[in-house]
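Values below: every heavy atom of this structure, side chains too, minus hydrogens, waters and symmetry copies. Because the structure is predicted, anything quoted here is derived from the model rather than measured.
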Amino acid sequence: MKTALSIAGSDPSGGAGIQADLKTMTMHGVYAMSAVTALTAQNTTGVRGVLECSPEFLALQLDCVFSDIVPDAVKTGMVASAPLIRVIADRLTHYQVQNLVVDPVMGDHGKPYRTYTPELCGRMRDLAAQADVITPNLTEGALLLEEDYADLPRDEEGLRAWLERLSLDGRRSVVLTGVSLRPGAIGAGCFDRATGRIRFAMARQEPAQFPGTGDLFASVVLGAMLRGEPLETAAQRAAEFVQRCAAHTLALGTPVLEGVQFEPLLGELMQR
């Protein structure tokens, strides 16, 4: 049985963070583990408080996991401070981690999150340099490249140029999310370091934007890759699964702020 470790924040309302990762990885037939970077007091209406783990305790969590059940893959998510990112980078280097997926959580829709600082961005850039795959959205891609979000590429040629730059000369694979090449479709641009190819994974765009879909997308990509699927296939599967979850949620009529109701559809991941 494949094993995977999620290093991220805890969402007590269950729609994002390690909770979303654990559910999604498990339904891929993966033994899922977690190291918590922060406890949050949040629900579907917003975040009311954040209690960061200390760097020392995060290092202890990682040491306990790696000294017992060595993960076949590691995924990082929300890490809200530069000292914690430094600890993660150090321990992953120490244990010579393979199949590292970094979701460089720093912002969205052209705006950085409230935890963002230039130092955090620099540390996140260093952590992402260790990754086998990174899964930034367009805002995070701009931050990693030190580009102005206002200069976001609007066509396939420009997106290909960004993907090549984000790949660090082909040293890592890239899944750049939130990409749209035509009206009514959204998905990701993918650079696969194994083949050197760039492909675009698209799905129908639903008329709403839900929180937490980035965690879900990256977890589906990781689970599919652990089952041996090529990167572009994994990204296409993730794009289509997130779209189906959004459509299902809209049909239920639940508030957008509650995120996508993905749990009823998780069985599809196991079937594949």
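Under the 3.5 Å distance criterion, the side-chain polar atoms of R123 are left unmatched by any main-chain donor or acceptor of I85. Judged purely by atom type and a 3.5 angstrom limit, R193 uses its side chain to pair as donor or acceptor with the backbone of R171. Using a distance-only test at 3.5 Å, with no hydrogens or angles considered, a donor-acceptor pair links the side chain of T37 to the main chain of A8. For the pair R172 (side chain) and A128 (backbone), a donor-acceptor distance under 3.5 Å is present. A donor-acceptor contact shorter than 3.5 Å links the side chain of T139 to the backbone of H109. A side-chain donor-acceptor contact under 3.5 Å links E140 to the backbone of M106. S173 contributes no side-chain N or O that, together with a main-chain N or O of V133, makes up a donor-acceptor pair within less than 3.5 Å. With hydrogens and angles ignored, the 3.5 Å screen pairs no side-chain donor or acceptor of T24 with any backbone N or O of G223. Side-chain atoms of N137 come within 3.5 Å of backbone atoms of G107 as a donor-acceptor pair (strictly under, hydrogens ignored). Between the side chain of D132 and the main chain of N99, a donor-acceptor pair closer than 3.5 Å is present.
Of all the heavy atoms in L5 and A35, the pair that sits closest is CD1-N, 3.7 Å. Nearest heavy atom pair, residue V260 against residue T249, reads CA-OG1, 3.3 Å. Taking each heavy atom of D11 and T40 in turn, the nearest pair found is CA-OG1, 3.9 Å. P71 approaches M33 most closely through the heavy-atom pair CG-CE, 4.0 Å. Nearest heavy-atom pair across P55 and P83 is CG-CB, 4.0 Å. The heavy-atom pair separating D103 from G214 by the smallest distance is OD2-O, 4.0 Å.
Using a cut-off of 4.0 Å between Lys/Arg side-chain N and Asp/Glu carboxylate O, E147 and R165 are scored as salt-bridged.
The CG atom of D169 sits 11.5 Å away from atom CG of L166, with the distance rounded to the nearest 0.5 Å. In this structure, H28 NE2 and L226 CG are separated by 9.0 Å, a value rounded to the nearest 0.5 Å. Of the inter-residue distances, the one linking Y113 atom OH with D108 atom CG reads 4.5 Å to the nearest 0.5 angstrom. Annotation: the span from R199 atom CZ to D192 atom CG amounts to 9.5 Å, rounded to 0.5 Å. Note that CH2 of W162 is 8.0 Å distant from CG of D151, once rounded to the nearest 0.5 Å. Within the model, atoms NE2 of H248 and CD of E263 stand 9.0 Å from one another, a figure rounded to the nearest 0.5 Å.
Side-chain contact, Y31 with D72: no donor N or O sits under 3.5 Å from an acceptor N or O. In summary, the side chains of S219 and D21 do present a donor paired with an acceptor at a separation below 3.5 Å, with no hydrogens or angles considered. Remark: the S180 side chain and the Q205 side chain contain no N/O donor-acceptor pair separated by less than 3.5 Å. Between E240 and Q236, the side chains place a donor N or O and an acceptor N or O closer than 3.5 Å (distance only, hydrogens not considered).
Under a cut-off of 6.0 angstrom, the local environment of NZ in K23 is crowded, with over 12 non-hydrogen atoms contributed by other residues, nucleotides or ligands. The 12-atom threshold is exceeded at CG of D155, counting heavy atoms of other residues, nucleotides or ligands nearer than 6.0 Å.
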Exercise. Before giving the answer on side chain to side chain contact (heavy atoms under 4.5 Å, CB included), spell out for L266 and F241 the whole-Å C-alpha distance, their side-chain angles and the decisive distance to 0.1 Å.
Key: CA-CA 9 Å; L266 283 173; F241 183 72; 4.1 Å; yes
Quiz item: Checking salt bridge (Lys or Arg N to Asp or Glu O under 4.0 Å) for the pair E156/R160: CA distance, chi angles, key distance, verdict?
Solution: CA-CA 6 Å; E156 183 173 332; R160 284 177 174 273; 3.0 Å; yes
Quiz item: Do E146 and C121 pass the side chain to side chain contact (heavy atoms under 4.5 Å, CB included) test, and can you show the C-alpha distance, the side-chain angles, and the key distance before you say yes or no?
Solution: CA-CA 10 Å; E146 299 182 89; C121 184; over 6 Å; no
Exercise. Starting from the C-alpha separation in whole Å, work towards a yes-or-no answer on salt bridge (Lys or Arg N to Asp or Glu O under 4.0 Å) for R91 and D63.
Key: CA-CA 8 Å; R91 302 323 289 157; D63 288 339; 3.0 Å; yes
Quiz item: Given L92 and F66, is the side chain to side chain contact (heavy atoms under 4.5 Å, CB included) satisfied, shown in steps?
Solution: CA-CA 9 Å; L92 297 186; F66 280 96; 4.0 Å; yes
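E164 places a side-chain heavy atom less than 4.5 Å from the side chain of I198. Here the side chains of L62 and I7 are in contact, with some heavy-atom distance below 4.5 Å. In this structure, R244 and V242 have side chains that are not in contact, with every pair of non-hydrogen atoms separated by 4.5 Å or more. Residues F217 and T135 have side chains not in contact (no heavy-atom distance under 4.5 Å, counting atoms from C-beta outward). With contacts defined as side-chain heavy-atom distances shorter than 4.5 Å, the pair V36/C53 does not qualify.
Both I134 and L120 sit in one connected hydrophobic cluster of ILVMFWY residues. Membership requires side-chain heavy atoms under 4.5 Å apart, directly or through other members.
Q19 pairs in a side-chain hydrogen bond (donor to acceptor under 3.5 Å, both in side chains) with only one of the listed residues (S10, S34, S6), which is S10. With respect to E52, the side chain to side chain contact (heavy atoms under 4.5 Å, CB included) criterion is satisfied by exactly one of L84, L58, L39, V79: L84.
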